[in-house]
Amino acid sequence: MVDVGQPFTDDEYAFLRHARFGELPAATPPEERSASAETDPRRDRPEPAGEPQGWDLRHGGI
């Protein structure tokens, strides 16, 4: 059985993050940051193809 003991300190967590991910890149200065609008399209899914009328046929709808 694992001994839970005391939770890690912030310094221990920082060491574990560094051991896992290595050196982090420098922070981007505020003047070089750009705001992203919530209306930007998602980039994790492709654009739908074809017309909405054909979508039902492809996806088994009526």
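On a predicted model such as this, the values are computed, not experimentally measured, just so you know.
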Chemist: Using side-chain contact (heavy atoms from CB on, under 4.5 Å) as the criterion, list what pairs up with Pro25, not counting sequence neighbours.
Modeler: none
Chemist: In the hydrophobic cluster built from side-chain contacts under 4.5 Å, what are the other members alongside Leu24?
Modeler: none
Chemist: Would you give the length of the straight line joining atom CZ of Arg17 to atom CD of Glu12, rounded to the nearest 0.5 angstrom?
Modeler: 11.5 Å
Chemist: Tell me, which pairs form a ring pair (Phe, Tyr, Trp, His ring centres under 6.0 Å) where one or both residues lie in residues 5-24, sequence neighbours left out?
Modeler: Phe8-Tyr13
Chemist: Please check if the number of heavy atoms outside Arg20 that lie under 6.0 Å from its CZ is greater than 12.
Modeler: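 It does not: Arg20 CZ has 12 such atoms or fewer within range.
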